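Here is the naming used below: chain letters follow the sequence lines, and residue numbers restart at 1 for every chain. All figures in this text were calculated on a predicted structure; none of them were measured in a lab.
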Number of protein chains: 2
Amino acid sequence: MSLPHAILTALVEKPSSGLELTRRFDRSIGYFWSATHQQIYRELGKLEAEGLIRALPGRQPARGQKKSYEVLPAGRAELSRWTATPQDPKPLRDTMLLRLRAAAVVGTAGVEADLRRHLELHERQLAEYEEIERRDFPPGRDSAEDRLRHLVLRAGIDLETFWTQWLAHALAEFAELPGDEPA
Amino acid sequence: MSLPHAILTALVEKPSSGLELTRRFDRSIGYFWSATHQQIYRELGKLEAEGLIRALPGRQPARGQKKSYEVLPAGRAELSRWTATPQDPKPLRDTMLLRLRAAAVVGTAGVEADLRRHLELHERQLAEYEEIERRDFPPGRDSAEDRLRHLVLRAGIDLETFWTQWLAHALAEFAELPGDEPA
DNA sequence: CCCCATTGTGCAACTAGTTGCACAATGGGG
DNA sequence: CCCCATTGTGCAACTAGTTGCACAATGGGG
């Protein structure tokens, strides 16, 4: 539903091949939209068939050859249209929260270690985002584009901050909990 | 992947019919796991077929008749097993963030109104969660079960708090932005 | 020089979630 | 008393995302 628009955005920012897109999704784009290389290749095919993007002229190779894409005017128009279309926030689905709720009725065995592991993962992610912020958004640069992109990165940073704090809080609660309640 | 476990958790807490479950998913369970009635009915069928839950004895009616389910020992065991199994946090996919990133390259037309609308939605949600907190978790009650459930609700509250603050911040940035940049 | 690990592209089958209906039972208003 | 809005249950088709491979090109090490 939005993967094509994520790809269009990335390609407007910079024409890329499937692999380059995959790398970019693993890094900067990944903090608000994740995708696997299979999804990306499939979607590139569709977008090309629909006339929203096209392969950059040059060699037109078979498999195993880089093929770069750029956005056509129709693609840019579609991206514009989509961006301006209201959309509802999608409801939450979070396994860790569900597991804690389940732990309340079937016991907390095994959950604590995973809370700790998640805390580490989120701390690492947070550090990475803060590194990106330092590198890409030094004080002073404030074109409209920079501001918007910085805003998006801030959301990533604030979300990871929330998780690290919440997980730390959860672990503190666990420490105070009586032993594993039976059921 | 986790809907069956969400349903098991709900049914351990209190045996229910499909419709009652739907209502509970729309309220308290919904703040960490959302599901439609269609998903729920389908999953109830599967769980019954697998012997994890069973219809409460009583009238065994056809369509249009309430049928309540309770969790069987095998279901409780499965829920326990699942809760203790490590799982990776799932990567983020958020359309509003993507739209802002897209707006950076194709212009901000139309986004601001929707930011405002989202802010209102999240403020309403936040107020609702805080109401639940006041009602269900008055100071003093602190059985292990209460603490765990409160922890989960706190996550919901903190997440909504994050969104309201971030959206307010985004709107403030928009106010300072030069007019709509062309492309 | 050729083999095999690495890089890059892609298909197919599956799982999870959504959308759009269909239809049975119930019960209050005309 | 019967009609029709409401409540409750469910199927089917579709869309989005995941998993598991397959296979081509490339290039450095033996």
| Picking from B:Glu133, B:Glu160, B:Glu130, what satisfies salt bridge (Lys or Arg N to Asp or Glu O under 4.0 Å) with B:Arg154? | B:Glu133

| message | So that I can tick it off, tell me whether B:Glu78 and B:Arg81 are bridged by a salt bridge, with the cut-off set at under 4.0 angstrom between side-chain N and carboxylate O. | response | yes

| Over how many whole Å does the gap from B:Lys46 atom NZ to C:dA16 atom P extend? | 7 Å

| said: Expressed as a whole number of angstroms, how long is the span from A:Glu43:CD to D:dT18:P? | reply: 13 Å

| Which sits closer to the 5' end of DNA chain D, B:Glu20 or B:Arg93, going by the nucleotide each is nearest to? | B:Glu20

| field | Nearest-Å distance for atom pair CD/C1', residues A:Gln87 and C:dT18 | value | 15 Å

| said: Please report the distance, rounded to the nearest Å, between OH in A:Tyr41 and P in C:dG10. | reply: 6 Å

| query | Do the charged groups of B:Lys14 and B:Glu20 touch, with an N to O distance under 4.0 Å? | reply | no

| Roughly, in whole Å, what's the span from NZ in A:Lys90 to C1' in D:dA16? | 13 Å

| field | Expected output: side-chain B:Ser143 to main-chain B:Asp146 donor-acceptor under 3.5 Å | value | yes

| field | B:Arg42 side-chain N/O to C:dT19 phosphate OP1/OP2 under 4.0 Å | value | no

| said: If the threshold is 4.0 Å, N to carboxylate O, is there a salt bridge linking B:Glu120 and B:Arg117? | reply: no

| query | What's the CD-P distance between B:Gln38 and D:dC11, to the nearest Å? | reply | 11 Å

| message | Nearest whole Å is fine: how far is D:dT18 P from A:Phe25 CZ? | response | 12 Å

| DNA chain D: stems of at least 3 consecutive Watson-Crick or G-U pairs whose donor-acceptor distances fall under 3.5 Å | C:1-30 with D:1-30

| Over how many whole Å does the gap from A:His37 atom NE2 to C:dC11 atom C1' extend? | 10 Å

| field | Lys/Arg N to Asp/Glu carboxylate O, B:Arg99 vs B:Asp114, below 4.0 Å | value | yes

